[in-house]
Every structure is written in structure tokens, then in C-alpha cells.
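A short write-up of the structure that comes next.
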Amino acid sequence: MTLWHYLGVVAASLGISLAQAAPQAFVDTAPIADILPENVAPDSNTAAEAAEDKTIPTLSAASVAAAGKVADQPWTPDRLYQHVIDKAQTLAGEDYRPQDEALPVALREMSYDDYRNIRFRQEQALWKDAGLFEVQFFHPGFLYKVPVEITLAEDNRLEPLPFDTRMFRYEGESQGVKQALREKNASTRGFAGFRLHYPLNTPDYKDEVVSFLGASYFRPIGRGQIYGLSARGLAVNTATPEGEEFPAFRAFWLMKPAPDASRITLMALLDSPSVTGAYRFDFDIGENTVAEVQARLFARQDVKKLGAAPLTSMFLHGENSVKKPDDFRPEVHDSDGLLVHTAEDQWIWRPLSNPRELNVTQLRDRSPRGFGLMQRDRNFEHYQDMEANYHRRPSLWVEPLEGDWEEGGVELVEIPTKAEIHDNIAAYWVPDKPLKKGETRYFRYRLSTLDNQPRAMQVARVMRTRSGWGATPGRQNQPSHEALRHFIVDFRGGELAGLDSSQPVQARLNSSTGEVSQVKVTKLPDERTWRASFKLAPEGDKVADMQLHLSLRDKPLSETWSYLWNPKGHAF
């Protein structure tokens, strides 16, 4: 049976502070998009603005022709991707040039309120009324200090899209930002990012379906979902003593889709002190939005830890939390567990936690079939939050297709947090083979949003994880809460659904440390759920790595529940 390697003790002994482990990675910058209105009607314009608006060109190939062109060529997706690969390889041979001073002071020092008051004019969307897809752009400034270049691949030409203040509406005090930009002649500066719009939920309204904003963060959603966790292009040195490095997408190439297409292709150039990369994204929009991602990486410097297909999320408290904040909501999280499908066809479920100290764990594997951060609990009653709507947050599932996915491990990072505004969870694939200066790596994978488990999963899954003090009430000289724990794990689905309660279903349980007792399995009154329960007496302060699954006559019926109990650093 596959076991987790607990790295948190090692990290703690190295004296890694949270700031060193993740100075910015787990501060949720991407969700700024959530607080910016998608569409704002133009009726709030002043008379002067209205007159000025008449001179705004439509965002199309014609509107950017004066900005300069690459000679006419048949820019197919494959050829364009090779073009970006060549740029990334050339860039890797040059010294890294930081871009954090690329914006004027008015943008670098912009306040949160001013940023909220700058809104893209929906009538200026790229490809407006030209097909199913439209693109709106984010204004640079505030947290987004590095301009991102946008190039359009349309009509067999590559044409840069210049930043223009006339694309945005500046309200309140943000008018000063607009004036400062005009004084600085900022017409050639880039954007902070962009978002794709598509008629996902109804044919009459183009929903925001994918957002690229901040470093290499991007977030897709499917039908009926709202933004939650984020994907990233790459993770470098996450949770290491040296501190994390944050690669960023510096440029994008947007390929204009056919008018009736539900697929869109775009390219991105990634840059950081240690790594450059060429990325290709083929998004298929639908009930579950699916992106096929290709990443060709080039090392400027040796990379200590490379994290491929990284996912970033938030877990404040849930059903498995031992102590909870003073909060009317029973649960608060964008994801509640990490699911891994191993090369040996084993499904492993690891409930997330909000630990007292940094937790870094790794599940060893070779050529994994899939992994993802899942929002498995989709019952509103378990959240009671009408604003955040955590029950509608999607899961993100990674399926490796080809490339450097051999020996390595799925690493999970859990960082203590006291506020839901911080992303404190990360998961990614770490190859054993180090990436050395001058070397290249290739990863191709499928990234899907999900409301439920992956289709390939046929076994029963974990529905709930709870624990509490395991002592018998009323007795004297009781063990402490940390010294004796009672665990409840509920399973549902697969072959369990049709089994009579008289069937000899067993719980197969092992623990790396401590003593387990009173292991039993019971079918619950709902006639669908089977409960495994047991008690754990930890071995002092040692972490207990527990693995549990249900079986019938030695045939596995469920995924493997994997859980770490740290007597000193258990969840809040």
C-alpha cells in the first residue's frame, strides 16, 4: 500500500517560517477578479467621456494594425507554439531582467479601492459580437505590477494589442490614475491579464469562464460553477528554506476561434529567475471546462524543486477540524481533499486540514494517472454561506498525458491560516530527476473542472471524516484529547450501495505509529452509507500516518482514506 512521506517535521526542524515557505504564493491574488464587476453598463459616462468613447476603435485586427505586424504567415496552433518555444529557449540564455518597476508610480501605488473603481468597458471586448468567445482585460496596477503583453493571432498575422485607457472606465478617485497614465504616454504598456467570456449557462449571456490574472495563476469554471481554487503554470521551490520563486506569464498570444467554436487556443510565455517556459492551452468550454496544457520548460539555473501542474486552494475549517473559529458557517473551504489515482490503479483520498504548523507531505508514485484538489462536499447546508457559495466551487483534476511524469511524487502543502482570503493549500507533481541549468522538461496534461469525482472512479468514496476525544465519559484519570482519538470515516457508492448490512464488510486499517483499537464497520440508517470507526492512541508526539479502506472477502470496495494525525500540530 502506498504511504505518504511526512515532510513537515523536516521543514520545521529547518526553521522555515511561513514567509520563507510561501511569501506570496498563498496570498490569493487571483480572486481580485471576483470583486470587479464583469459588465458595467455605459450609462454612467460623463458627457465628455461619451464624446471620447466615440473615438474608441473596436478591438480587432483592424484596431491594432498601426501597432506593428509580423509578416503574413499561416499561423497554425502548432507553428505558433513553436514560435513561443523558440522565444522561451532564447530567453533562457539571457540574464533574468526583473519587471516589477515597469509601471509608473500611479499604478504601482494604487489603492485597493482605486483598483476596484477601474472597470473594463464591455462594449470594447475583443471579438465583440464576432462569435461565441469574447475577451475582456484587467487593468495593470495595485497587486499586478508587471504588464503582460497581448498579441492577437488573426487572419494569418500576429498583431500586438496596445494598452489604451479608453478601454476602461475610471470612477471616483481612480480618475487620477487615468490622468497620470495619459501624462506618461502609457499607450504601449500591457495589461494585468484577461478573462474569456462564453455563453456557458444560457445562450443569451456570455459568462466569464477562464481568468488569467497574477503571476502564472489561471482559473477555469464549468456550467453552474463559480470561481474557487486556481491552477498555476509552474511552482518553483515551494515550501523550501530558500523561499518560493514565482514564475509569471509575461506574454500571451490569443488565437481567434471560429464564430461557432467552443474551443479556443492560446499561448503563453513564462519567465522567472530560474526557468522560462512556452505554454499552450486548448480550452474546451462546457459542463466541465477542459484544458489540454502543454509546457516546454528551459532552465536558466539549477532548480531545487520543480512543481508541475500546480493547484492552489483554501481550507479554513471543515468537518474534520478539531477546533473551529467563531464562525456561523459549519465549513469554509474551496477544496476539502486531495484525490490521487496512482499508476497501480489505487484511489487515495487525503482530507485537507488547516494545521498549527507547516505541513508538507508527498505521495510517492511513478507515472500517476491523475491527481486533483477536490470540493467533494456540494451540500449548501454544510456551508450556510449565501455570498461565497462554497458548495458551487469546482474541483480541478489533472490527468498526465505525456512528458516527464516518471519517478516522483504528488506533494501537498498545508499552511496555517486564520482568514479565508489566503490560499493556504497547494498540490503539484515533483519529479525526482532534478532540473539543471541548460536542461529542458516537457509536460502535457489535461486539466478539468469537476462537480463530482472523475469518471474513471468506480469504487466507493469517502463522504465524511470526523474525529473527537476517544475516552469514555465519567471515568477517572482519562487520557488527554491528544492521547486518545476516536475517528469516524463514512463511505458511499460503488458496490457498497447494493450490499445488505449482513455482508461481512471489513475495514483494512494500518498506522505508521501508535495503537489502533475497536475497529468496526456499520451500515448507517440511510441504507447507502457505510461507517468505519476506530480509536487511535498516538505514540507520544509522533505523527500517525493512517491508511484505511473497506473490503469484502479481501476485495477492495473503496478508495483508500489517508490521514495524518499530529498530536502537537493537529488542525484548528
Side-chain angles (χ1 to χ4, degrees), residues 1-4 318-322 330-331 336-342 344-351 369 374-379 381-382 395 450-475 479 484-538 544-565:
M1 180 173 291
T2 309
L3 296 179
W4 287 89
E319 63 193 17
N320 59 315
S321 299
V322 177
E331 301 183 38
D336 54 9
L338 172 66
L339 181 64
V340 180
H341 190 194
T342 72
E344 298 179 352
D345 200 23
Q346 182 183 9
W347 292 89
I348 300 177
W349 173 253
R350 170 73 190 283
R369 300 190 186 191
M374 317 299 285
Q375 184 73 322
R376 184 170 276 184
D377 189 343
R378 313 202 69 79
N379 188 337
E381 297 294 332
H382 298 168
S395 303
L450 296 176
D451 279 338
N452 212 319
Q453 70 267 25
R455 291 182 180 179
M457 186 178 184
Q458 300 299 319
V459 296
R461 58 179 181 150
V462 175
M463 301 302 298
R464 287 180 290 270
T465 298
R466 291 189 171 92
S467 73
W469 191 26
T472 302
R475 291 185 179 179
L484 185 62
R485 303 298 299 172
H486 187 192
F487 284 89
I488 298 293
V489 185
D490 291 342
F491 295 84
R492 184 184 300 165
E495 291 187 33
L496 285 177
L499 291 180
D500 187 81
S501 59
S502 62
Q503 292 282 4
V505 177
Q506 293 182 308
R508 302 295 186 182
L509 170 67
N510 62 67
S511 179
S512 62
T513 64
E515 180 181 348
V516 295
S517 62
Q518 301 183 41
V519 182
K520 60 182 179 180
V521 178
T522 307
K523 191 173 186 180
L524 299 186
D526 67 2
E527 295 296 327
R528 296 188 302 156
T529 308
W530 291 74
R531 171 166 294 179
S533 63
F534 64 93
K535 292 186 178 181
L536 170 72
D545 180 353
M546 297 174 287
Q547 311 280 319
L548 181 151
H549 73 274
L550 299 186
S551 66
L552 178 62
R553 301 182 183 93
D554 294 328
K555 177 185 177 181
L557 298 179
S558 73
E559 66 186 359
T560 298
W561 173 82
S562 176
Y563 204 73
L564 294 177
W565 173 256

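Everything quoted here is computed from the prediction, not taken from an experiment.
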Could you check whether [Y] and [X], counting side-chain N and O atoms only, form a donor-acceptor pair closer than 3.5 Å?
X: Arg531; Y: Thr522; result: no
X: Ser551; Y: Gln506; result: no
X: Ser467; Y: Arg485; result: yes
X: Gln346; Y: Thr560; result: yes
X: Asp377; Y: Gln375; result: no

(message) Once side-chain contact (heavy atoms from CB on, under 4.5 Å) is applied, do any residues pair with Asp345, and if so which ones, sequence neighbours excluded?
(response) His341, Trp347, Arg369
(message) Please enumerate all residues that pass salt bridge (Lys or Arg N to Asp or Glu O under 4.0 Å) together with Glu331, with sequence neighbours excluded.
(response) none
(message) Strictly distance-based, threshold 3.5 Å: is any side-chain N or O of Glu559 a donor or acceptor partner for the main-chain N or O of Val462?
(response) yes
(request) Look only at the side chain of Lys535 and the backbone of Gln518, and say whether a donor-acceptor pair between them is shorter than 3.5 Å. (result) no
(request) Please lay out, stage by stage, how Met374 and Arg350 fare under the test side-chain contact (heavy atoms from CB on, under 4.5 Å). (result) CA-CA 10 Å; Met374 317 299 285; Arg350 170 73 190 283; over 6 Å; no
(message) Ring centres under 6.0 Å, that's the criterion: do Trp565 and Tyr563 meet it?
(response) no
(request) Give a yes/no verdict on a cation-pi contact between Arg461 and Trp561, requiring under 6.0 Å between NZ or CZ and the six-membered ring centre and an angle within 45° of the axis. (result) no
(request) Answer yes or no: are there more than 12 heavy-atom neighbours, outside Gln503 itself, under 6.0 Å from its atom CD? (result) yes
(request) Return the orientation label for the Phe534 and Phe487 ring planes: parallel under 30°, perpendicular over 60°, tilted otherwise. (result) parallel
